[in-house]
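Read through the structure below, which is laid out as structure tokens, and then see the notes.
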Amino acid sequence: MSAYQKLVTQGQDLFEQFLQEINQQNAQELAVKYLGKKGLFNQLAAQIKILTKEEKKDFGRELNQLKNKLESKLADYQKQDFASQVHQDLTMPGIQTKVGHLHPVSQAIEEISRIFEKIGFVRMSYPEVDWDYYVFAALNMPTNHPARDEWETFFVDQKAHPSLGKMVLTTHTSNGQVREMERVKGQLPIRMMNISRCYRRQSDNTHTQMFHQFEGLVIDKDINIQHLKGTIDYFAKEFFGPKTKSRIRPFHFKFTEPSFEVDFSCHICRGTGYIKDEHHHKINCRFCKSGWHEVGGAGMVHPNVLKAGGFDSNKYRGFAFGWGVERSYTLKQDLNIDDIRLFYSGNQEFLEQF
Ligand code: DAH
């Protein structure tokens, strides 16, 4: 027998042997034994060097075929072998996939938007870095007016605009009021909702330097305080629960006349101002001020603000309201969040609860 024929026969024997072993050994061991670096296939292939040039070509082809056959058989076997090793216990509980969710503040924003959309408000957005004019001056607070001190403002290090003044980070969402009036160019009604970021130089357990407010503005003919009160009451019941009451108290804002502070009844003491301790004694509710939570401001749009937005205050009226998203959210039933800064701490344990 020629050297060439010997090698071809060895190749055939190798494949025969492989077929015999295939169902007896595990796939991994077989792969090493036959196709590993020092495996039987490579040992056979190494002998090619004893052949003549012409024979090498032919034997090379034989080797290729052999290798393909070995590989494909092995692949089939590996699949089978794997399946036979996976024992499935169908009574085992499944592995729950972790699912992400919106940040609680985003959830609150979505919820607030939906509540107001139902009664015809349209959500708009305006710059969150804006000119002094829209944030203060157009809202009846001329430069140097002391009322501005309430808003601890961040100023942007930029040249002031000749008529719009300095650039500031918006301290409240009320900058949207005159911007909206300018946008509609006299077309009424306005039923605008602005939910945006606000910034103030303050940080403690009820304040963060960046927070969110939502603002509503309605302008039309024959708008009066009852529309304002009705809207606030509707929101209170939708957002905090059907038993929640709202009240407005006289207050002072430069951009509304009359102005009010808005309170919602406390859900812990049900608006009574006291709870019972473990001995059934009445004690003051420590979550609220005598049954109420103060959440925001509201009022009838001041004639000067209507004028700044291009509306004749003898013909048209408006109401506006605005308050904090985070603050409102922390007052929601069953949430007991005593440090508002937790929202922005990136603390997973906190965030995963929502
Ligand atoms: N912008 C006020 C604040 O940040 C809240 C506010 C009060 C908004 C009265 C209004 C309003 O629209 O009419 O404290």
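Heavy atoms only: backbone and side chains are in, while hydrogens, waters and symmetry mates are out.
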- Query: Strictly by modelled atom types, are E326 and H212 linked by a side-chain donor-acceptor pair under 3.5 Å?
  - Reply: yes
>> Taking the ring of F214 and the ring of W323, is the distance between their centroids below 6.0 Å?
In response: yes
message: Would you say that L169 contacts E128 through its side chain, given a criterion of any heavy-atom pair below 4.5 Å between the two side chains?
response: no
Subject >> Criterion side-chain hydrogen bond (donor to acceptor under 3.5 Å, both in side chains) on E16 and Q20, from CA distance to verdict >> reply: CA-CA 6 Å; E16 284 300 312; Q20 277 173 22; 5.0 Å; no
Tell me whether K307 at atom NZ has more than 12 heavy atoms from other residues, nucleotides or ligands lying less than 6.0 Å away.
no
### Message
Would you say V178 ends up clustered with F311 if hydrophobic residues are merged whenever their side chains have heavy atoms under 4.5 Å apart, either directly or through other cluster members?
### Response
yes
In terms of side-chain heavy atoms, does E55 have a donor or acceptor partner in T52 at a distance below 3.5 Å?
yes
Quiz item: Mind checking whether S328 and F240 have side chains closer than 4.5 Å, heavy atoms only?
Solution: yes
Under 3.5 Å side-chain donor-acceptor pair for S246 and K229 = yes
Nearest heavy-atom approach of I119 to R191 is O-CD, 4.3 Å
Here the gap from K56 atom NZ to I48 atom CD1, rounded to the nearest 0.5 Å, amounts to 7.0 Å
Do L164 and F255 share a hydrophobic cluster (ILVMFWY, side-chain heavy atoms under 4.5 Å, transitive)? yes
Practice item. Report the C-alpha separation of T231 and D233 in whole Å, then their side-chain angles, then the decisive distance to 0.1 Å, and conclude whether the side-chain hydrogen bond (donor to acceptor under 3.5 Å, both in side chains) test is met. Key: CA-CA 5 Å; T231 306; D233 221 41; over 6 Å; no
Practice problem: For D58 and R61, run salt bridge (charged side-chain N to carboxylate O under 4.0 Å, His left out): C-alpha distance rounded to whole Å, both residues' side-chain angles, the deciding distance at 0.1 Å, then the answer. | Solution: CA-CA 5 Å; D58 292 339; R61 212 172 293 127; 3.4 Å; yes
Determine whether T256 and M300 satisfy the following criterion, side chain to side chain contact (heavy atoms under 4.5 Å, CB included), listing intermediate values before the conclusion.
CA-CA 5 Å; T256 38; M300 302 306 292; 5.7 Å; no
Hey, any chance V122 and M192 share a hydrophobic cluster, counting ILVMFWY side chains that come within less than 4.5 Å of each other, even indirectly?
yes
If we only count heavy atoms from C-beta on, is the L217 to M193 side-chain gap below 4.5 Å? no
Quick one: are E29 and Q24 in side-chain contact, heavy atoms under 4.5 Å? no
Sub-4.5 Å side-chain heavy-atom contact between Q12 and E62: no
Exercise. Would you call R247 and D263 a salt bridge, taking side-chain N to carboxylate O under 4.0 Å as the test?
Worked result: yes
Nearest heavy-atom contact between W131 and K159 is CZ3-O, 4.5 Å
In terms of heavy-atom contacts, A108 and V325 come closest through CB-CG1, 3.9 Å
Interatomic distance, NE2@H101 vs OG@S106, rounded to 0.5 Å, equals 10.5 Å
(Q) Using modelled atom types and a 3.5 Å cut-off, is there a donor and acceptor pairing between side-chain atoms of H302 and backbone atoms of P258? (A) no
Membership question, hydrophobic clusters at under 4.5 Å side-chain separation (ILVMFWY): are Y329 and F211 in the same one? no
### Path from F287 to W292 over hydrophobic side-chain contacts below 4.5 Å
no
Residues K332 and E111 bridged, charged N to O under 4.0 Å: yes
Ionic contact status for E238 with R114, cut-off 4.0 Å: no
- Should the pair K315-D222 be classified as a salt bridge under the 4.0 Å nitrogen-to-oxygen rule? no
* pair F253-F260: side-chain heavy atoms closer than 4.5 Å -> no
Q. Between D130 and R179, is the closest basic N to carboxylate O distance under 4.0 Å?
A. yes
Quick one, I115 with K237, criterion side chain to side chain contact (heavy atoms under 4.5 Å, CB included). Give me CA distance, side-chain angles, the key distance, then yes/no.
CA-CA 10 Å; I115 291 174; K237 292 185 166 42; over 6 Å; no
Take a 6.0 Å sphere around CD of Q226 and say whether it holds more than 12 heavy atoms from other residues, nucleotides or ligands. no
Correct closest heavy-atom pair for I275 and N284 would be CG1-O, 4.4 Å
- Query: Does the side chain of E215 come under 3.5 Å of the side chain of Q177 through a donor N or O and an acceptor N or O?
  - Reply: yes
In terms of heavy-atom contacts, L306 and R317 come closest through CD1-CA, 4.5 Å
Closest non-hydrogen contact found for A298 with F321 is CB-CB, 3.7 Å
Distance col, row S259:OG vs H252:NE2, nearest 0.5 angstrom, shows 6.0 Å
Value for CZ (F155) from CZ (R201), rounded to nearest 0.5 Å, stands at 8.5 Å
- request: Carefully, step by step, assess Y34 and F18 under the rule ring-ring contact (aromatic ring centres under 6.0 Å, His included).
  value: CA-CA 8 Å; Y34 285 87; F18 174 81; 4.9 Å; yes
Are R200 and E152 close enough for a salt bridge, meaning some N to O gap below 4.0 Å? no
CG (L342) and CG (L351) are apart, to the nearest 0.5 Å, by 8.5 Å
Problem - Residues, nucleotides or ligands: over 12 heavy atoms within 6.0 Å of E349 CD - result: no
Quiz item: Take atom CD in Q187; do more than 12 heavy atoms of anything else shown fall under 6.0 Å from it?
Solution: no
Exactly one of V301, I223, D220 clears side-chain contact (heavy atoms from CB on, under 4.5 Å) with F319, and that residue is I223
| query | With a cut-off of under 6.0 Å to the ring centre and 45° to the axis, is K69 in cation-pi contact with F15? | reply | yes
Item to check | Heavy-atom check, side chain of H281 versus side chain of K276, under 4.5 Å | outcome: no
Worked verdict on Y234 versus K118 for side chain to side chain contact (heavy atoms under 4.5 Å, CB included): CA-CA 11 Å; Y234 160 79; K118 277 203 259 174; 3.4 Å; yes
query = Taking the six-membered ring for Trp, is the centroid-to-centroid distance between F154 and Y199 below 6.0 Å?
reply = no
To the nearest 0.5 Å, atom NZ of K67 lies from atom CG of N64 at 8.0 Å
>> Would K289 and E294 count as a salt bridge (charged side-chain N to carboxylate O under 4.0 Å, His left out) here? Give the steps.
In response: CA-CA 8 Å; K289 278 189 206 155; E294 185 188 304; 3.4 Å; yes
- Query: Just checking, any donor-acceptor pair under 3.5 angstrom between side chains of T173 and N194?
  - Reply: no
Checklist line | From CA spacing to verdict: side chain to side chain contact (heavy atoms under 4.5 Å, CB included), R197, T170 | finding: CA-CA 8 Å; R197 289 184 197 94; T170 48; 5.8 Å; no
Exercise. Give the ring-plane orientation class for F235 versus F239, where under 30° counts as parallel, over 60° as perpendicular and anything between as tilted.
Key: parallel
Sub-4.5 Å side-chain heavy-atom contact between E150 and T171: no
